[in-house]
Amino acid sequence: MDEFERHGIAVVSGRDAGARALRSPSLTSDPGVGSPSLLLRDGEGHTRVRAVLREIIAGLEPLPESLQAGIEASVGGLGPSFDLVRDFARPVAGLVTSAVLGIELDDGSLDRLEATTANLDVFGGADRAGQAAAFRLAVQLGRTPAGPGGLTALRAAHAAGRLDEDELMINAVVLAHAAYENSLNFLACAGLELATSGPRTVRELVTAVCPARYVLRFGPDGPVAISLADGLPFGLGRHACPGSGVALAEGEIALTALAEHLGGACEVRDVHWKTHPVFHGLASAHVVGGGVTGVRK
Ligand code: HEM
């Protein structure tokens, strides 16, 4: 029995059943707590907030050259022995998330984003540490001066009456979190896949890794966990990932650079996994030497 079923949550698995559930009008993303996050609502509020975030994300399509160069420099600077999470995936995901918001996210902010996920209690328990980390980050982002980019665009949308105060505050964190955590987990796991199996396209890798394993919906008979592991890595329907183009583009650049950096035979040691029921990722994995077999175009 999987962890959701142990908590009395029905699980939908398989690609077709998952697709049907994600498109079903009788299942909503809104748990009924009045959250201003676009992930936890449907209808007019969701459509309005999502339109603002889509405009922001479109600013990175195609990926700006400066961001590409930053990713290549970060991966090219790796030594012969490094950790796939700390040294490869975290800096790249940090660069992309900084570019999304248009501000430089320091190590403390990345720690808060990771703490948000690690403590995100999808079963509605009493552990509030994830919410506290998200709240602190929201306050911090609210005070951060920003140049052109996502944070300024969110503030402009608020000034124009497109977002209320709560929507402005929460969705800055939701956007940063969605971009950072999924990129981090995808890049590290894909790096491990490349190091231990043959060449694959970035799309094959994201489907194999499936960094967001489940999404939650609420129906007449209670909550439902929909598995994305059978070929729906970016979800489907109203909430389908609006950042999938950015995710694939950053993956292409970072994983190609990783393959080039490595080259000859490499060894991966001390592989440790995170244990979150939704976000699937590596905690750490140590790479020594060369040998990644490449990213097929
Ligand atoms: C490999 C990397 C990524 C994966 C696997 C991924 C996966 C997903 C999935 C499965 C959802 C749907 C959630 C649901 O239906 O409840 C989602 C939503 C979202 N993603 Fe991504 N994502 C990735 C990267 C990104 C990036 C880079 C961005 C931003 C640039 C982003 C922004 C968002 C946002 C804003 C939402 C909420 C959409 C909504 O609720 O309407 N994601 N993502």
Side-chain angles (χ1 to χ4, degrees), residues 12 18-19 21-24 27-31 35-43 45-61 63-64 67 71 89 92-102 113 117 120 122 149-150 153-154 167 170-191 193 202-218 223-255 278-281:
V12 174
L22 288 165
R23 291 191 172 118
S24 165
L27 293 176
T28 171
S29 291
D30 188 345
S35 170
S37 161
L38 88 157
L39 275 165
L40 300 179
R41 62 204 295 197
D42 272 316
H46 170 254
T47 310
R48 185 169 41 75
V49 176
R50 186 173 163 106
V52 174
L53 297 198
R54 248 320 286 164
E55 286 164 26
I56 293 170
I57 294 167
L60 295 187
E61 294 166 346
L63 232 49
L67 178 56
I71 294 173
V92 173
L95 283 171
V96 172
T97 311
S98 297
V100 170
L101 293 182
L113 282 172
T117 318
L120 210 61
V122 292
L154 284 167
E167 288 166 346
I170 294 299
N171 289 293
V173 176
V174 169
L175 177 60
H177 182 260
Y180 179 72
E181 187 68 33
N182 288 312
S183 297
L184 176 76
N185 292 334
F186 170 51
L187 292 169
C189 294
E193 290 266 331
V202 172
R203 196 165 267 286
E204 283 167 348
L205 284 166
V206 81
T207 306
V209 170
C210 194
R213 288 278 159 112
Y214 293 92
V215 292
L216 273 183
R217 296 294 187 261
F218 304 87
V224 179
I226 304 168
S227 168
L228 304 180
D230 294 305
L232 299 168
F234 292 112
L236 213 66
R238 296 183 295 282
H239 290 266
C241 180
S244 58
V246 171
L248 293 171
E250 63 166 300
E252 184 83 42
I253 294 160
L255 294 165
V278 167
F279 296 100
H280 170 70

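In each ligand, atom 1 is the first atom listed, and ligand 1 is the first ligand listed. These numbers come from a predicted model, not from an experiment.
Interface of P211 with ligand 1, defined as ligand atoms under 4.0 Å from a residue heavy atom, comprises 5 (C). Interface atoms of ligand 1 facing H46, defined by a heavy-atom separation under 4.0 Å, are 39 (C), 40 (O), 41 (O). Near R50, meaning under 4.0 Å from any of its heavy atoms, are these atoms of ligand 1: 38 (C), 39 (C), 41 (O). Atoms of ligand 1 lying under 4.0 Å from any heavy atom of L38, numbered from 1 in the order shown and given with element: 38 (C), 39 (C), 40 (O), 41 (O). Atoms of ligand 1 lying under 4.0 Å from any heavy atom of A247, numbered from 1 in the order shown and given with element: 1 (C), 2 (C), 24 (C). Residue G235 approaches ligand 1 through these ligand atoms, each under 4.0 Å from one of its heavy atoms: 10 (C). Close contacts between ligand 1 and R217 involve ligand atoms 14 (C), 15 (O), 16 (O) [criterion: under 4.0 Å to a heavy atom]. Contact atoms of ligand 1 toward L228: 10 (C) (distance under 4.0 Å to a heavy atom of the residue).
Only the side chain of F186 comes within 4.0 Å of ligand 1, counting heavy atoms alone; its backbone N, CA, C and O stay farther away.
Nearest to atom 13 (C) of ligand 1 among the protein's heavy atoms is V215 CG1, 3.6 Å. A178 CB, 3.6 Å is the protein heavy atom nearest to atom 32 (C) of ligand 1. For atom 37 (C) of ligand 1, the nearest protein heavy atom (residue, atom name, distance) is L39 CD2, 3.7 Å. When hydrogens are left out, the protein atom nearest atom 26 (C) of ligand 1 is A179 CA, 3.6 Å; that is the closest non-hydrogen contact. For atom 3 (C) of ligand 1, the closest non-hydrogen atom on the protein side is N182 CB, 3.3 Å. The protein non-hydrogen atom at the shortest distance from atom 20 (N) of ligand 1 is C241 SG, 3.3 Å. Closest protein heavy atom to atom 36 (C) of ligand 1: P242 CD, 3.4 Å.
Side-chain contact check for L154 versus I56: some heavy-atom pair is nearer than 4.5 Å. In this structure, the side chains of H239 and L38 stay at 4.5 Å or more apart for every pair of heavy atoms. Side-chain contact check for I57 versus L175: some heavy-atom pair is nearer than 4.5 Å. A heavy-atom distance below 4.5 Å is not found between the side chains of F234 and N182. Contact annotation: the side chain of L101 never approaches that of Y180 to less than 4.5 Å [non-hydrogen atoms, C-beta and beyond]. E250 has its side chain within reach of L187: a pair of non-hydrogen atoms, C-beta onward, lies under 4.5 Å apart. Counting heavy atoms from C-beta outward, L228 and P233 have side chains that stay 4.5 Å or more apart.
For D42 against S29, the heavy-atom pair with the smallest separation is OD2-N, 2.8 Å. Closest approach of G281 and C189 over heavy atoms only: CA-SG, 3.9 Å.
At least one heavy atom of P233 sits less than 4.0 Å from an atom of ligand 1.
Relative to atom 12 (C) of ligand 1, the option among R54, R41, H239, H177 with the closest non-hydrogen atom is H239.
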* Can L113 and E181 be said to form a side-chain contact (heavy atoms from CB on, under 4.5 Å), step by step? -> CA-CA 7 Å; L113 282 172; E181 187 68 33; 5.7 Å; no
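Within a 6.0 Å radius of CZ in R203, no more than 12 heavy atoms belonging to other residues, nucleotides or ligands are found.
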